[in-house]
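Notes to accompany the following structure.
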Amino acid sequence: MTLVRLGYVAMSMELKNASPSQTMTFTQFQKIADRDAAIRKLERIARSNLTNTLRLLKHTVASEIHFYRLTSRLIPLAYHRELLDWDFIMPIKDLLKEIGTYIQEHQLRVDFHPDHFVLLNSPNKDVFHQSILTLKMHYLILKAMKIDRTHRCVIHVGGKYMDKEKSLEQFIETWMDVPTGIQKLIMLENDDTSFTLEDMLYLCQKLNIPLVFDYHHHLALHQDSNWQRHWDSIVQSWEHSPLPIKMHISSPKSEKSFRHHADYIDSKLFFDFLHEIKGSIPQIDCMIEAKQKDKALFKLMEEIKNRDDVEVVDGSSFNLK
DNA sequence: GTCGGTCAAGGTCTG
DNA sequence: CAGACCTTGACCGAC
């Protein structure tokens, strides 16, 4: 038997006025003549984002969901080049701790997916440095939440820079310059434009990083469509993780825009996949990446209730028979 | 309130 | 080598 748990991403289509990603651009920031006042405004936005995150987490628990992706936009302009003197944690420490306590009390799995501007293999030192700072922000947030920092940030390899092999080697080289605390945060995901499952396995095995398998990306970009023969290696990359293996599930929007996420999940495709891995692992956490966010998860759960090949555990988890 | 345009970022593609 | 486009949710001004 394999226990499957479902999660959703960073916002709710059901809760109203609950954005955890309100923002201020640097252009807006500069328009405010009083810099201190502008920083206070950033802090008010961050507090609003965290208050809404707590609302979202309560909605998550109430919906019997145990797995949630925090947005990486909780604190606007954190570690922006012109705001390096701003201590962005201190003014929100109380809320971060409250959220962390809630997460622990309800045994939620939370993680982040920093955006695609985190490029650890960039040949440009400034870009690399800014990427480290972005990851450090994630580190500090988790630390203030008092959550174990191991394997909490999913990222992609980065750019191809016109030479894929060289870019992979570049990742390995710069990995040595990544502070240990930040290395431990990282999971790597195969993407849909540059780096395949095989590329990820090469890096993950070499650097001992858990591999987050994105099935949709694999369908969009692969050397060999047969992912099954790599499944054991994917599982193995999680051997030293305190967390269960996790993967990403989404469905193509259409044949024409294959790479875009559809509103909902194609449950047939999803279950065909699950039946192939059934029994190979005790548990798997599947992050549902759909335009309709939590609504897509709820729809999926309704469909699952009517299936005879599963044993429903609660709102968002089930055993595969 | 609804709309289309704009904002950010770095990479990648086009001309 | 310049400029458009990609992606995302939020935001903004116009009506």
Side-chain angles (χ1 to χ4, degrees), chain A residues 8-32 38 41-42 44-53 55-56 68-84 88 112-138 153-168 170-171 174 189-195 199 214 216-217 220-221 248 250 252-254 256-263 287-296:
Chain A
Y8 72 103
V9 174
M11 63 184 280
S12 168
M13 302 307 278
E14 295 210 332
L15 288 194
K16 297 298 166 205
N17 302 313
S19 169
S21 314
Q22 288 173 286
T23 194
M24 192 199 291
T25 64
F26 187 61
T27 309
Q28 292 170 280
F29 177 87
Q30 279 178 309
K31 281 182 191 158
I32 302 169
K41 191 170 178 189
L42 286 175
R44 281 199 302 278
I45 293 171
R47 291 191 70 84
S48 164
N49 286 341
L50 290 171
T51 305
N52 284 335
T53 294
R55 285 179 60 203
L56 284 162
Y68 174 72
R69 179 187 297 165
L70 294 159
T71 171
S72 287
R73 300 191 198 177
L74 289 171
I75 311 168
L77 303 182
Y79 280 131
H80 187 279
R81 284 178 179 81
E82 304 293 324
L83 281 159
L84 292 174
F88 52 82
F112 286 105
H113 197 342
D115 67 30
H116 57 293
F117 303 111
V118 169
L119 297 151
L120 293 182
N121 74 340
S122 175
N124 179 333
K125 280 210 159 59
D126 287 341
V127 173
F128 173 75
H129 183 61
Q130 196 57 46
S131 301
I132 294 292
L133 287 182
T134 304
L135 291 169
K136 190 176 166 192
M137 173 197 72
H138 291 81
C153 289
V154 188
I155 58 166
H156 297 285
V157 177
K160 248 190 317 195
Y161 308 108
M162 292 181 294
D163 185 341
K164 194 176 84 167
E165 305 309 321
K166 196 176 153 199
S167 303
L168 282 170
Q170 184 60 38
F171 188 96
T174 45
E189 176 192 355
N190 59 304
D191 67 73
D192 56 359
T193 53
S194 306
F195 298 102
D199 297 329
D214 189 309
H216 182 189
H217 288 168
L221 179 79
H248 291 169
S250 52
K253 188 180 170 68
S254 63
K256 210 174 155 192
S257 332
F258 189 85
R259 283 163 43 213
H260 289 93
H261 289 171
D263 284 352
M287 184 54 81
I288 301 300
E289 296 180 326
K291 282 264 180 236
Q292 288 297 318
K293 313 289 178 188
D294 54 338
K295 270 194 185 173

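Because only heavy atoms are used, hydrogens play no part in the values below, and waters and symmetry mates are left out as well, while side chains stay in.
- A:Gln28 comes within 4.0 angstrom of the backbone, heavy atoms only, and of no base.
- For A:Ser19, a side-chain nitrogen or oxygen approaches OP1 or OP2 of C:dA10 to under 4.0 Å.
- Scanning both residues, A:Leu120 and A:Thr174, for their nearest heavy atoms gives O-OG1, 2.7 Å.
- Taking atom CE of A:Met162 as the reference point, atom P of B:dT14 lies 14 Å away to the nearest angstrom.
- In this structure, the nucleotide among C:dG9, C:dC11, B:dT12 sitting nearest to the side chain of A:Arg73 is C:dG9.
- Rounded to whole angstrom, the span from the NE2 atom of A:His116 across to the P atom of B:dA8 amounts to 15 Å.
- Looking only at atom types and distance, the side chain of A:Ser19 has no donor-acceptor partner in the side chain of A:Gln22 under 3.5 Å away.
- A straight line from NZ of A:Lys125 to P of B:dG10 spans 17 Å, rounded to a whole angstrom.
- Ring centroid separation for the pair A:His260 and A:His216 does not come in under the 6.0 Å cut-off.
- When heavy atoms are screened at a 4.0 angstrom cut-off, A:His260 is found touching the sugar-phosphate backbone but no base atom.
- Comparing B:dT12, C:dA10, B:dG11 against the side chain of A:Ser194 picks out B:dT12 as the nearest.
- When heavy atoms are screened at a 4.0 angstrom cut-off, A:Ser122 is found touching the sugar-phosphate backbone but no base atom.
- Spacing between atom CZ of A:Phe128 and atom P of B:dG11 amounts to 14 Å, rounded to whole angstrom units.
- Listed candidates were B:dG10, C:dG9, B:dT12. Nearest to the side chain of A:Arg81 is B:dG10.
- Protein atom CG of A:Leu119 is 14 Å distant from nucleotide atom C1' of C:dT7, rounded to whole Å.
- C:dC6 atom C1' lies 9 Å from atom CZ of A:Phe117, rounded to whole Å.
- Between A:Phe195 and A:Gly159, the closest heavy-atom pair is CZ-O, 3.5 Å.
- Here A:Thr71 lies out of heavy-atom contact (under 4.0 Å) with every strand.
- Closest of all the heavy-atom pairs between A:Asn121 and A:Gln170 is O-CG, 3.3 Å.
- Note on A:Thr25: a side-chain N or O is less than 4.0 Å away from OP1 or OP2 of B:dA8.
- Phosphate proximity of B:dA8 to A:Thr27: present, with a side-chain N or O under 4.0 Å from OP1 or OP2.
- Counting to the nearest Å, the P atom of C:dT8 and the NZ atom of A:Lys293 are 8 Å from each other.
- Protein atom CD of A:Gln130 is 15 Å distant from nucleotide atom P of B:dA8, rounded to whole Å.
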